[in-house]
Structure formats: structure tokens, C-alpha cells
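To keep things clear, I will list the structure first and then write my remarks on it.
Sequential numbering from 1 along the given sequence is applied to the chain's residues.
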Amino acid sequence: MAPTDPRILAIHRASSDYAERWAGEDEIRAHARAKAAEIGCVAMGPGAGAIVRTLAAAIHAKNVVEIGTGAGVSALWLLDGMHPDGVLTSVDIEAEHQLIAKDAISQAGIAPNRVRLINGRANEVLDRLTESAYDIVLIAGKPLELSANISRALILLRTGGVLIIDRALWNDKLADPAQRDPDTMSMREAIEALATGEDFVGSLLPVAGGLLVAVKA
């Protein structure tokens, strides 16, 4: 049973805040997150970003796909952990978002040949990518497209590759059975299917809006 004592809740909250701040956030990422708020998209926080960076470093990721570029915050975390020669392919339907991301990536001093920003729909772009060739697929796209994008990620990932889903708890809505709007229902269905399926072995982490991490079996 979850604690209800206000003192315990306050300690838990303080620990969560401490963990979120622990990895730090440089000025470039902070600026990109601020720009994300301006354009109405939710950027990955430092806690989730640090996990993403660690995963990329742990498997020496060289080929990574990101669905949902946003303002480039998650791209910066990925690139920070990837192999120095690694290439990130990031897909987003919003050209304006990718222009902001491109600026952030440039400010971070990352070589242009390490990033491919592709403007387009995920269902059109991903089907043109090489199968079983990617170390990580990070999904930060629309909930209504999540199940389809997970299926595409399964095709793109090598065996032992890592699937990452940002905001996987959909800002605490998944745990509330009263939340039955289309986005929440789609997210809940996709996340629960991963728990019972045999294609991935994973964990659902209560970081920020939730981070699902799963390894392709």
C-alpha cells in the first residue's frame, strides 16, 4: 500500500527531486527544454535523460533511431552516451521542432554527420530503414501510434537492442483506471502488451512521466 503519511510523502518527493537533479543539466539542454515548452512539446527531464545516456553508453550504441525529435533534448542525452562514431536518426513530422533541435545539437558541438533529422511521418520513414540494424529505438511519439511504432521498433532493433518509451506512465494517467481518454487507453494497451509479450524483456520505471526500457529477446 502506498504511504499516506505527509512526512513520508515529503521525504519520497525530496528523494525523487534529488535523483532528478543528480545527473545535472547543462545550459544547452536547459535552453532546449525551455524552447520545447514554448512550442508546446514535453521534453525529457534530466532523470530520464541520464538513464537514456547510461543505456546508450552501456551497449556502446552506434546506430540509434528516435521517433519524436521535439526540441532535441532526448537526442542530446542519447548522443552523449553513444559511441563517438555513432549516428542518430531522428524522425519528426514537425519541421519547426527539428530546426530547434538542429540548433541545440549544433550548440553542443556535435558533428553534423552524426545526426540525421528526417522530417516525415514515422510510418513512412521507418519502413525505409534497415531491419535488425539498430542498437536503440527511442519512442516519444503520439500514444495513438505507439503500438504500431513498437512493432516497427521490433523490426529495426538487433537482437539485444533496447527499446525506450518516454512518458510511458502518461503523466500518472495509466495507473488511474478512471482515465479512459483515447490517448491514455492506447498507451495503456501498448504498455500492458509489452508486459505480457515475448518479444521484449523490460522494466517500467517511475521516472518523470515514466520510462519503459526493454531489451529485444
Side-chain angles (χ1 to χ4, degrees), residues 44 48-70 72-94 97-98 101-102 105 110-168 186-205 207 210-217:
M44 180 175 283
I51 293 172
V52 166
R53 178 180 61 186
T54 301
L55 290 169
I59 64 172
H60 307 287
K62 294 191 70 174
N63 297 296
V64 176
V65 173
E66 177 184 44
I67 303 170
T69 309
V73 177
S74 51
L76 291 172
W77 284 109
L78 282 165
L79 288 159
D80 197 29
M82 289 168 59
H83 188 281
D85 296 328
V87 176
L88 171 66
T89 299
S90 187
V91 182
D92 202 302
I93 195 172
E94 297 290 347
H97 295 185
Q98 291 195 321
K102 184 177 181 180
I105 290 166
I110 296 165
N113 63 350
R114 292 197 59 205
V115 184
R116 292 196 302 166
L117 297 177
I118 303 177
N119 178 231
R121 296 182 181 278
N123 64 329
E124 297 172 352
V125 175
L126 300 186
D127 291 343
R128 301 199 300 266
L129 301 182
T130 304
E131 297 182 8
S132 303
Y134 292 89
D135 302 305
I136 293 175
V137 174
L138 187 152
I139 302 175
K142 299 177 180 178
L144 294 176
E145 300 172 0
L146 181 56
S147 290
N149 284 335
I150 291 171
S151 296
R152 295 185 182 98
L154 180 63
I155 294 171
L156 294 176
L157 285 167
R158 63 170 174 80
T159 300
V162 178
L163 170 68
I164 303 172
I165 301 174
D166 191 24
R167 299 177 69 197
S186 295
M187 183 69 79
R188 186 180 289 127
E189 179 182 346
I191 296 302
E192 291 181 356
L194 280 170
T196 57
E198 298 180 354
D199 295 320
F200 291 97
V201 176
S203 297
L204 181 55
L205 310 177
V207 179
L211 196 72
L212 188 139
V213 178
V215 177
K216 180 178 175 179

*Distance from Leu212 atom CG to Leu205 atom CG, nearest 0.5 Å?*
7.5 Å
_Go through it in stages, so that I can follow the logic: the residues are Leu78 and Met44, the test is side chain to side chain contact (heavy atoms under 4.5 Å, CB included), and I'd like the CA-CA distance, side-chain angles, deciding distance and then a yes or no._
CA-CA 11 Å; Leu78 282 165; Met44 180 175 283; over 6 Å; no
_Counterpart residues, side chain to side chain donor-acceptor pair (under 3.5 Å), relative to Ser186 (two or more places apart)_ = none
_Heavy-atom side-chain contact between Leu163 and Lys216 under 4.5 Å_ = no
*Roughly how far, to the nearest 0.5 Å, is the CD atom of Glu131 from the CG atom of Leu129?*
10.0 Å
*Asp166 side chain near Leu211 side chain, heavy-atom distance below 4.5 Å*: yes
Check residues 81-93 and write down every donor-acceptor pair under 3.5 Å in which the side-chain atom is one partner and the other belongs to a residue at least two apart or another chain.
residue: His83; atom: ND1; partner: Asp85; partner atom: N; Å: 3.0
residue: Thr89; atom: OG1; partner: Arg116; partner atom: NE; Å: 3.0
residue: Thr89; atom: OG1; partner: Arg116; partner atom: NH2; Å: 2.9
residue: Ser90; atom: OG; partner: Glu66; partner atom: OE1; Å: 2.6
residue: Ser90; atom: OG; partner: Thr69; partner atom: OG1; Å: 2.6
residue: Asp92; atom: OD1; partner: Glu94; partner atom: N; Å: 2.8
residue: Asp92; atom: OD2; partner: Thr69; partner atom: N; Å: 2.9
residue: Asp92; atom: OD2; partner: Gly70; partner atom: N; Å: 3.1

*Look up atom CD1 in Ile139 and atom CG in Asn149, then write down how far apart they are to the nearest 0.5 Å.*
5.0 Å
*asked:* So Leu204 and Leu194, do their side chains get closer than 4.5 Å, heavy atoms only?
replied: no
*Determine the minimum heavy-atom distance between Gly68 and Ser74, stating which atoms define it.*
O-OG, 4.5 Å
*Assess whether side chain to side chain contact (heavy atoms under 4.5 Å, CB included) is satisfied between Val125 and Ile67, documenting all intermediate values.*
CA-CA 10 Å; Val125 175; Ile67 303 170; over 6 Å; no
*Which residues satisfy the side chain to side chain donor-acceptor pair (under 3.5 Å) test with Asp135, sequence neighbours excluded?*
Arg158
Could you go through residues 196-203 and list every donor-acceptor pair under 3.5 Å that involves a side-chain atom there, pairing it with any protein atom two or more places apart or in another chain?
residue: Thr196; atom: OG1; partner: Glu192; partner atom: O; Å: 3.4
residue: Thr196; atom: OG1; partner: Ala193; partner atom: O; Å: 3.3

*Under the side chain to side chain donor-acceptor pair (under 3.5 Å) test, which residues partner Arg53, sequence neighbours left out?*
Asp80
*Contact summary for Glu124 and Arg128, nearest pair of heavy atoms*: O-NH1, 3.2 Å
*For residues 136-152, pull every pair meeting salt bridge (charged side-chain N to carboxylate O under 4.0 Å, His left out), keeping only residues two or more places apart or in separate chains.*
Asp127-Arg152
*Find out whether Ile165 and Ile150 are in side-chain contact, i.e. whether some heavy atom of one side chain is under 4.5 Å from a heavy atom of the other.*
yes
_Identified side-chain contact (heavy atoms from CB on, under 4.5 Å) partner of Val162 from the options Val64, Val52, Ile136_ = Ile136
*Can you tell if the side chain of Leu117 reaches within under 4.5 Å of the side chain of Asn119, non-hydrogen atoms only?*
no
*Any residue meeting side-chain contact (heavy atoms from CB on, under 4.5 Å) with Ala111, in chain and number order, not counting sequence neighbours*: Asn113, Arg114
_Minimum heavy-atom distance between Ala133 and Asn63, given as atom pair plus value_ = O-CB, 3.5 Å
